[in-house]
*Asks:* 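Got a structure for you, written out below as structure tokens; questions coming shortly.
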2 protein chains.
Amino acid sequence: MRLTTKGRYAVTAMLDLAIHYEQGPITLADISQRQEISLSYLEQLFSKLRKNELVNSARGPGGGYRLSRPAEDVAVAEIIAAVDETVDATRCKRKGNCQHAERCLTHDLWCDLSDQIFDFLANISLGSLVEKKAVQDVARRQDNALPLNREDVSLKEPYVA
Amino acid sequence: MRLTTKGRYAVTAMLDLAIHYEQGPITLADISQRQEISLSYLEQLFSKLRKNELVNSARGPGGGYRLSRPAEDVAVAEIIAAVDETVDATRCKRKGNCQHAERCLTHDLWCDLSDQIFDFLANISLGSLVEKKAVQDVARRQDNALPLNREDVSLKEPYVA
DNA sequence: AATATACTTGACTAAAATGCTTGGTTTTTT
DNA sequence: AAAAAACCAAGCATTTTAGTCAAGTATATT
């Protein structure tokens, strides 16, 4: 299983989209500021998310990204798979050729673990995360810290990390 | 969760110890040949395993390493924790200060996942692995490929990777 | 039509982690 | 004494990570 900052960033960004779904297309600049992820890194991630049809994009002023499905139908496992390409704890990509042409001593153990992790993440949807109180609290804090709306963009000061 | 080759190597080496427990102290050179892990890397891993009291060492000819407890009482999670120092999927080491002084949007998700992985690995003992047929088959293959005993070391040819 | 805004692509890179290697030293047995 | 093993420390080459940067292309507003 590859579980790196990349996958975490992708899930965080997708959750941000889910939370602000009502507000129409969300720009990467907004996500960048709220979640403190560099804009160009987000661009890379969203390129993959779009190719995996997890988000739709709209160009031009007023554009941005939206979830392409209801948040309830998007599993965390899908998001990580979309950006990390693999959800696997073995070294042989489950082929069983870890030691020469054959399997190593612990091959089955890592396969079982991979299944376990995948099942866990496959059964958690963005929708279920949005409903959690802890998530809502953090989202409220982030929105208050950076209260940007399309109506009063002029009010905001430049963001400084 | 850090689940790298390091942790996999450590578990594999410990499983090798468990399988050959009857044969008295096992040298790292034996493990290195059977499991195809470099000797000096094994030394580093076993330094940590010893500090965590998972193995006992004996120096000098006829020396080597043994499990310090019955294989049934050694959880895979302990081994990985001993060499990787952490079994954690969050970026903040569970402190909840992932975003400035506060928690990030997905903090709880990664905490839950870490717990899940830890529970899985905490409930698998070396003993339960030794009993598995797949493991026994691989072990038999490895022993046949490199039939070194303390009695006929002179028979073996230099190992070539 | 001009412009602002948004997305796309690809090359590049600093820093960290990984998996070793080298070169020793001690300790114990024979 | 010689050999076999554990023990230790420093360094290193490669790969991966987590981005940045630059130069675009596309779209919507005005």
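Lettering of chains follows the sequences in order, A, B, ..., and the numbering in each one begins at 1. Keep in mind the model is a prediction, meaning the values are calculated, not measured.
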*Asks:* So if I define the base as every atom that isn't primed, P, OP1 or OP2, how would nucleotides 23-30 of chain D read as a B/S/- string at a heavy-atom cutoff under 4.0 Å?
*Replies:* ---BBS--
*Asks:* Could I get the full list of side-chain hydrogen bond (donor to acceptor under 3.5 Å, both in side chains) partners for Thr12(B), not counting sequence neighbours?
*Replies:*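 Counting only residues at least two positions away or on another chain, Thr12(B) forms a side-chain hydrogen bond (donor to acceptor under 3.5 Å, both in side chains) with Thr106(A).
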*Asks:* Considering only residues two or more places apart or on different chains, which pairs with a residue in residues 59-81 of chain B satisfy salt bridge (charged side-chain N to carboxylate O under 4.0 Å, His left out)?
*Replies:*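 Found Arg69(B)-Glu78(B).
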*Asks:* Please determine if a side-chain N or O atom of Ser57(B) lies less than 4.0 Å away from the OP1 or OP2 oxygen of dC7(D).
*Replies:* yes
*Asks:* Within the pair Tyr41(A) and dC21(D), is there a side-chain N or O less than 4.0 Å away from OP1 or OP2?
*Replies:* no
*Asks:* Can you pull out every side-chain hydrogen bond (donor to acceptor under 3.5 Å, both in side chains) where at least one residue sits in residues 117-127 of chain B? Sequence neighbours excluded, please.
*Replies:* none
*Asks:* So what does Ile37(B) hit on the nucleic acid, given a heavy-atom distance under 4.0 Å: a base, only sugar-phosphate, or nothing?
*Replies:* nothing
*Asks:* Tell me whether the OP1 or OP2 atom of dT21(C) has a side-chain N or O from Ser38(B) closer than 4.0 Å.
*Replies:*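 True: Ser38(B) side-chain N/O within range (under 4.0 Å) of dT21(C) OP1/OP2.
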*Asks:* In whole Å, I'd like the distance from the CG atom of Leu49(B) to the P atom of dC8(D).
*Replies:*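 My rounded result for the distance is 13 Å.
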*Asks:* Counting only side-chain nitrogens and oxygens, does Tyr9(A) get under 4.0 Å of the OP1 or OP2 atom of dG19(D)?
*Replies:*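 Affirmative; the distance criterion is met.
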*Asks:* For Ser47(B), which residues count as a side-chain hydrogen bond (donor to acceptor under 3.5 Å, both in side chains) partner, sequence neighbours excluded?
*Replies:* Lys51(B)
*Asks:* Looking for any heavy atom pair under 4.0 Å, which part of the strands does Phe46(A) touch: base, sugar-phosphate only, or nothing?
*Replies:*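 Phe46(A): no heavy atom of the nucleic acid under 4.0 Å.
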*Asks:* Give me the one residue out of Leu67(B), Leu45(B), Leu129(B), Ile19(B) that meets side chain to side chain contact (heavy atoms under 4.5 Å, CB included) with Met14(B).
*Replies:*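 Only one of Leu67(B), Leu45(B), Leu129(B), Ile19(B) forms a side chain to side chain contact (heavy atoms under 4.5 Å, CB included) with Met14(B), namely Leu67(B).
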*Asks:* Taking side-chain hydrogen bond (donor to acceptor under 3.5 Å, both in side chains) as the test, write out the residues that go with Asp16(A), two or more places apart.
*Replies:*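 Partners of Asp16(A) by the side-chain hydrogen bond (donor to acceptor under 3.5 Å, both in side chains) criterion, ordered by chain and then number, come out as His20(A), Arg34(A), Gln35(A).
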*Asks:* If the cut-off is 4.0 Å, is Arg50(B) near the phosphate of dC8(D), judged by side-chain N/O to OP1 or OP2?
*Replies:* yes
*Asks:* Can a side chain N or O of Ser40(A) be found less than 4.0 Å away from OP1 or OP2 on dC21(D)?
*Replies:*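 So the side chain of Ser40(A) is outside the cut-off, no N or O lying under 4.0 Å from OP1 or OP2 of dC21(D).
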*Asks:* For Leu45(B) and dT21(C), what is the distance between atoms CG and C1' respectively, to the nearest whole Å?
*Replies:*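 Rounded to the whole Å, the gap is 15 Å.
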